[in-house]
Amino acid sequence: MSASDFTLAELLIVACSEAWRGNGEVVATGIGPIPRIAAGLAKLTHTPELMMTDGEAFLVEEPVPLGPRGDYKPRFAGYLPFSRFFDAAVWSGKRHAMVTPTQLDRFGQTNISCLGPDYRQPKVQMLGARGFPGNSISHINSMFLPQHSKRVFVEGEVDMVSSVGYNPARTKGVNTDHLDLRLIVTDLAVMDFGGPDHAIRVVSLHPGVTLDEVQEATGFPLAVADEVRETPAPTAEQLAIIRRLDPHDIRAGVIKGNPAGIRERA
Amino acid sequence: MTFDKRMTAADFVGQLKDGMTIGIAGWGPRRKPMALVREILRSPLKDLTIVAYGGPDIGLLCAAGKVRKLIFGFVSLDAIPLEPWFRKARESGAIDVLELDEGMLQWGLKAAAMRLPFLPTRVGLGTDIMTHGGFKTVKSPYADGEELLAMPALRLDAALIHVSRADRFGNIQALGPDTYYDEWFARAADKAYVSAEEVVERMDESYPDPADAKTSIFERCFVTGVIPARFGAHPTSMPPAYGWDMGYFKSYAAAAGEEGGWDRLNADIAAGEEAYLERVGGEKIASLPLPIF
């Protein structure tokens, strides 16, 4: 049974959790509140084999709730500090990360490093490429982009290609056997890379959103699945788990105004 | 001659030279050897090449104009994702950079530690890390013939590391849930300088338990100097002893947008380590809560 009263953030958590369905024994890393709650939801519902950390260095079998913990004490099942992470999870391919890059292009290449045309003097310096180059060429990756717009879904290539995508001009001669981009969840739609030559393809629209709106907010042409569904609403069971994983309602602050899950049509 | 590696922060900085390549251990706003970084800020050293998983160490060194080139995987304060002083340096074109994937940085340190010219990896291929970094590739000599990026060794003139305990021989113990890549900074460096919350005469007398000994993440043959520095990671976190100082980070970040902001931050540091620690809370540092992730 789908619930009728839920927020867009909660709809997105459920949509994001689908990314990990059936992945088996891999480390599910959700960076940011919504992907992290989604990873926990995936483990507690459809894919209990998933592995995850406490956000720091220990492996847990029970996803750790977000924010201040009160009396809750995480129980540790294993140890996976950063110092082991590359060997054990990244380069081994035993991981599926969901991240929020600043830019994404038609090839699935992303940028979190810096913005602007001049690399020597960027307009905006961000984090640096972090682990994106290694993640993208080693294990499964998905993306959560809470502000679907042409600023994020850029027309040309992203300013600093931080992660590998399906761009033949850049991957010539590169072993891309482990390049595996899965799901893109935005505030408007769910997409995958199932179009021609891994083109980004719309697979479901959130309640009240049209395909035209999604295309209009995207800097490049989108492929469209044969049958575009409506993104499923959370069930009462899923909502209960979400509330347990996010007792301080941190998810309410992710999307501006914390809108309802079912939007009025414009 | 007695076997004793203990030295003062002034001794340590006196052994560094302009233009050196210096690795700074820790990770973002965690376990950074900040007392040693502050000692560099108080010195006339310049034109440094810094290798780090960067946090406020990088922001401060950039703000002070000490950095010629930065070799980095990221720079961040975690809770404040974009490091404000690093941003200023980059956005004004003030520093050269070699940007790496986090794993490539580790690989470069490991190559240096193992005295190899490079280590092969797929990481970086197909991205602008390759474009901007000028990395070369190497072809597997085996049947697969795969073309791989050759990550060059990142040999360090000096490494700076902050640990929980050290003794006069250079034995160390690093407590806390994660010690990141500190061990590889130590082994990749010609000289590693280790500051410690607590310095004892002999580890085997003060902390002889096997569980303690297992926290010794690198070997004393790599340690050149041991510098006592209680609260030496402030404002970064040093679990289990203390967390990061969010109040400091906030005013530090705000200062980047204020007229004379750097002069004010720097004045606290220039006053000397003891005065600095007093200024930022003294004993209260011990009760800074550990961050929750």
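Lettering of chains follows the sequences in order, A, B, ..., and the numbering in each one begins at 1. Excluded from the calculations below are hydrogen atoms, water molecules and symmetry mates; all remaining heavy atoms, backbone and side chain alike, are included.
Heavy-atom distances place both the backbone and the side chain of A:Asn175 under 4.5 Å from chain B. Looking at A:Asp118, neither its backbone nor its side chain comes within 4.5 Å of chain B, counting heavy atoms on both sides. If you measure heavy-atom distances from B:Trp27 to chain A, the contacts under 4.5 Å come from the side chain alone. In this structure, no portion of A:Val64 lies under 4.5 Å from any heavy atom of chain B. Contact annotation for B:Gln106: only side-chain heavy atoms (C-beta onward) come within less than 4.5 Å of a heavy atom of chain A. Heavy atoms of B:Thr137 lying under 4.5 Å from chain A are absent altogether. Neither the backbone nor the side chain of B:Leu105 comes within contact range of chain A; no heavy atoms are under 4.5 Å apart.
With respect to chain B, the highest number of heavy-atom pairs below 4.5 Å among A:Gly116, A:Ser162, A:Ala129 belongs to A:Ala129. Counting heavy-atom pairs closer than 4.5 Å to chain A, the top residue among B:Trp184, B:Phe86, B:Phe72 is B:Phe86. Most heavy-atom pairs under 4.5 Å with chain A: of the set B:Ala89, B:Gly93, B:Ala94, this distinction falls to B:Gly93. Between chain B and the options A:Gly128, A:Pro133, A:Cys114, heavy-atom pairs under 4.5 Å are most frequent for A:Pro133. For chain B, the option among A:Ile137, A:Ile112, A:Asn111 with the highest count of heavy-atom pairs below 4.5 Å is A:Ile137. Between chain A and the residues B:Ile129, B:Leu100, B:Leu148, B:Thr179, the largest count of heavy-atom pairs under 4.5 Å involves B:Ile129. With chain B as the partner, the residue from A:Gln121, A:His178, A:Arg130, A:Lys172 showing the most heavy-atom pairs under 4.5 Å is A:Arg130.
The CZ atom of B:Phe74 lies 15.5 Å from the CE atom of A:Met126; values are rounded to the nearest 0.5 Å. For the atom pair CZ (A:Arg170) and CE (B:Met130), the distance works out to 11.5 Å, reported to the nearest 0.5 Å. For the atom pair CG of A:Asn135 and CD of B:Glu102, the computed distance is 8.0 Å after rounding to the nearest 0.5 Å. Here B:Asp128 contributes atom CG and A:Glu157 contributes atom CD; the two are 7.0 Å apart, rounded to the nearest 0.5 Å. Taken to the nearest 0.5 Å, the CD atom of B:Glu146 stands 7.5 Å off from the CG atom of A:Asp177. The distance from atom CZ of A:Arg36 to atom CZ of B:Phe293, rounded to the nearest 0.5 Å, is 10.5 Å.
A side-chain donor from one of B:Glu99 and A:Ser113 sits under 3.5 Å from a side-chain acceptor of the other. Of the N and O atoms on the side chains of A:Gln125 and B:Arg90, at least one donor lies less than 3.5 Å from an acceptor on the other residue.
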List the steps, then state whether side-chain contact (heavy atoms from CB on, under 4.5 Å) holds for B:Ile292 with A:Glu56. CA-CA 9 Å; B:Ile292 288 174; A:Glu56 195 171 10; over 6 Å; no
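Residue B:Asp209 qualifies as enclosed at atom CG: its count of foreign heavy atoms under 6.0 Å is above 12. No more than 12 heavy atoms of other residues, nucleotides or ligands sit less than 6.0 Å from atom CZ of A:Arg151. A:Arg84 CZ: more than 12 foreign heavy atoms inside a 6.0 Å radius. The local environment of CD in A:Gln147 is sparse, with at most 12 non-hydrogen atoms from other residues, nucleotides or ligands closer than 6.0 Å. For A:Lys94, the NZ atom is loosely surrounded, since the number of other residues' heavy atoms within 6.0 Å does not exceed 12. Dense packing is recorded around NZ of A:Lys150, with more than 12 heavy atoms of other residues, nucleotides or ligands lying under 6.0 Å away.
Judged by distance alone, the side chain of B:Asp101 and the main-chain N or O of A:Gly134 form a donor-acceptor pair under 3.5 Å. Judged by distance alone, the side chain of B:Glu147 and the main-chain N or O of A:Val174 form no donor-acceptor pair under 3.5 Å. Put simply, the side chain of B:Asp178 gets close to the backbone of A:Phe82: a donor and an acceptor are under 3.5 Å apart. Under the 3.5 Å distance criterion, the side-chain polar atoms of A:Tyr79 are matched with a main-chain donor or acceptor of B:Pro177.
Ring geometry for A:Tyr119 against B:His132 counts as parallel: the plane angle stays under 30°, on a 0 to 90° scale with 60° as the upper cut.
No side-chain heavy atom of B:Glu83 sits under 4.5 Å from any side-chain heavy atom of A:Leu127.
For the residue pair A:Val164 and B:Thr127, the shortest heavy atom distance occurs at CG2-CG2, 3.6 Å.
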